[in-house]
Amino acid sequence: MNISAYRYLKFYTFLLLFIALAFFLLREGRALFIPLGFGFLISVILHPVCLKVERYAGRGVGIAACLLILLVFGFLVYQLLTSSVSLLQDKFTLSQEKIMTLTEQLLQLINRVLDIDEAQYQVMAQQLQQNLVDELIPLLKQTVYFSAGSLATLLIIPIFVALILYYRELLVRFVLGIVPDDQVQGFTATIHELSTTYFRFAKGMAMVYLIVGVLNSLGFLLIGLPNAIYLGVLAALLTFFPYVGIMIGGLAAVIVAWTTYDSVWYPLGVVAVLGVVQYLEANVIFPLTVGHQLRINPFATFIAILLGGLIWGGAGMILFIPFAAILKILSDQIPEMRPLSVLLSEESRKPTRSKWTFGKKGGDAASPEGGVDS
């Protein structure tokens with residue numbers, strides 16, 4: 001075995017060991033890392049707000065303002081989820097006969113295909129109705145209350161946010177202290193880029209949710225859907241959860257349309273509205289509002305969702321997507337991680353010249369502009 005092959009074998013062996021160790025630590029330490037991950041991301045988003053407030057009223061007031069914003073946002077999301085579950089429960093309760101009729105039609109179709117006897121047919125009809133009406137909604141309600149009732153996580157996340165914002169210079173100095181001296185300037189610029197870019201991304205996404213919510217609401221009003229504004233905003237906000245969120249929000253609107261009217265055209269109209277709005281969001285609204293900041297390709301997004309769900313469950317499905325976007329920012333700047341940057345990028349573009357190198361002394365890294373606000 002030549003020296004070059006041995007080096008590659010050694011590198012990938014250590015890489016696999018590192019991945020296995022990281023997987024074990026993240027999974028076993030999820031009670032710590034999940035609230036820490038949420039705290040870190042929220043701190044990055046609220047950092048510019050904290051800076052603006054503390055220039056006039058001090059750091060304590062700035063952090064308090066950020067925590068107040070977090071509290072109001074969490075309360076609104078919780079109220080939205082609980083009210084949506086209650087709305088679906090009321091619609092199911094008022095439409096049990098319609099649900100039973102649809103169940104019988106579905107089972108009749110299955111009976112014609114599979115030739116099921118009458119006794120099995122009746123048992124299947126009763127079980128399906130019980131699962132839909134008596135178990136599905138209570139299960140959703142219990143899930144919402146359980147996730148929102150995790151007092152430990154709800155208390156730890158704001159604490160992490162406050163501590164990270166208060167000790168941000170100390171944390172930055174710690175990170176820069178473990179970086180080689182000739183790489184400090186480039187790493188400082190990368191940290192600054194990470195903070196400012198992610199804040200711009202968060203503002204752009206807020207505008208996307210607002211526009212999508214307005215378009216959904218207008219479309220639902222045109223087809224005469226009850227609670228049109230509420231359902232439109234719900235469908236827009238649930239797109240925060242990639243792929244799954246739009247299915248849940250759309251399902252709620254479809255169920256309301258189906259249980260309110262006897263015609264099948266109303267649920268189809270809801271699907272059409274959501275389809276058109278989602279097409280506009282993906283091809284017009286998102287590119288114009290957010291651009292390509294932190295955007296990774298669908299393949300990498302799907303892998304991040306699966307990996308996050310495997311390690312941290314539902315919280316991981318949310319956290320691992322921005323983590324992948326942050327990883328893309330870092331990989332754009334590190335030559336050794338350039339293949340990872342290509343894998344995460346949404347299109348094939350020639351990579352820009354790296355701003356700093358890692359693990360190489362005396363590199364010809366360009367001197368970036370910018371620094372870390374404190």
Side-chain angles (χ1 to χ4, degrees), residues 35-80 153-177 184-214 233 236-237 239-240 285-295 318-319 321-323 325-330 332-333 355 367-374:
L36 181 60
F38 278 112
F40 169 74
L41 291 177
I42 295 172
S43 301
V44 171
I45 295 174
L46 295 179
H47 176 231
V49 177
C50 184
L51 282 178
K52 291 182 180 180
V53 175
E54 71 180 43
R55 288 194 185 109
Y56 302 98
R59 178 161 299 189
V61 178
I63 294 175
C66 293
L67 293 180
L68 179 60
I69 294 174
L70 178 61
L71 177 63
V72 172
F73 177 77
F75 177 77
L76 292 176
V77 170
Y78 175 68
Q79 289 296 322
L80 182 67
T153 301
L154 290 178
L155 290 176
I156 291 175
I157 290 177
I159 293 174
F160 273 132
V161 171
L163 292 176
I164 291 174
L165 290 175
Y166 188 82
Y167 292 105
R168 57 182 183 267
E169 294 92 352
L170 178 65
L171 296 175
V172 170
R173 288 200 300 269
F174 166 75
V175 173
L176 297 180
V184 169
Q185 185 178 8
F187 207 107
T188 302
T190 301
I191 295 176
H192 178 265
E193 179 184 358
L194 175 64
S195 176
T196 55
T197 301
Y198 205 87
F199 179 72
R200 291 194 302 268
F201 175 79
K203 290 196 302 184
M205 286 305 301
M207 184 61 65
V208 169
Y209 294 142
L210 177 61
I211 297 174
V212 171
V214 170
V233 173
L237 293 180
T239 56
F240 174 79
I285 301 173
F286 192 100
L288 292 178
T289 306
V290 181
H292 297 283
Q293 300 178 69
L294 296 188
R295 193 167 188 178
I318 300 174
L319 285 173
I321 295 177
F323 286 169
I326 291 173
L327 185 61
K328 182 181 181 298
I329 290 180
L330 296 177
D332 284 339
Q333 312 302 327
K355 295 182 180 179
S367 298
E369 297 179 358
V372 178
D373 292 329
S374 60

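Along the sequence shown, residues are numbered consecutively beginning with 1.
Minimum heavy-atom separation, V44 to P48: O-CD, 3.7 Å. Closest heavy-atom contact between F160 and S43: O-OG, 4.4 Å. Pairing each heavy atom of R168 with each of L51, the nearest pair is NH2-CD2, 3.3 Å. When all heavy atoms of C50 and G62 are compared, the closest pair comes out as SG-C, 3.9 Å. Across all their heavy atoms, L67 and P158 have their closest contact at CD2-O, 3.6 Å.
Side-chain contact check for L170 versus R173: some heavy-atom pair is nearer than 4.5 Å. Considering only heavy atoms from C-beta on, V175 stays 4.5 Å or farther from L171 through its side chain.
With rounding to the nearest 0.5 angstrom, the CD1 atom of I45 is 10.0 Å from the CZ atom of F40. Note that CG of L36 is 5.5 Å distant from CD1 of I164, once rounded to the nearest 0.5 Å. The line from CG of L70 to CD1 of I42 is 4.5 Å long, rounded to the nearest 0.5 Å.
Partners of L41 by side chain to side chain contact (heavy atoms under 4.5 Å, CB included), not counting sequence neighbours, listed by chain and number: Y198, L319, P322, F323, I326. Every side chain to side chain contact (heavy atoms under 4.5 Å, CB included) that A65 has, sequence neighbours left out, goes to V53.
Within a 6.0 Å sphere centred on OH of Y166, other residues, nucleotides and ligands contribute 12 heavy atoms or fewer.
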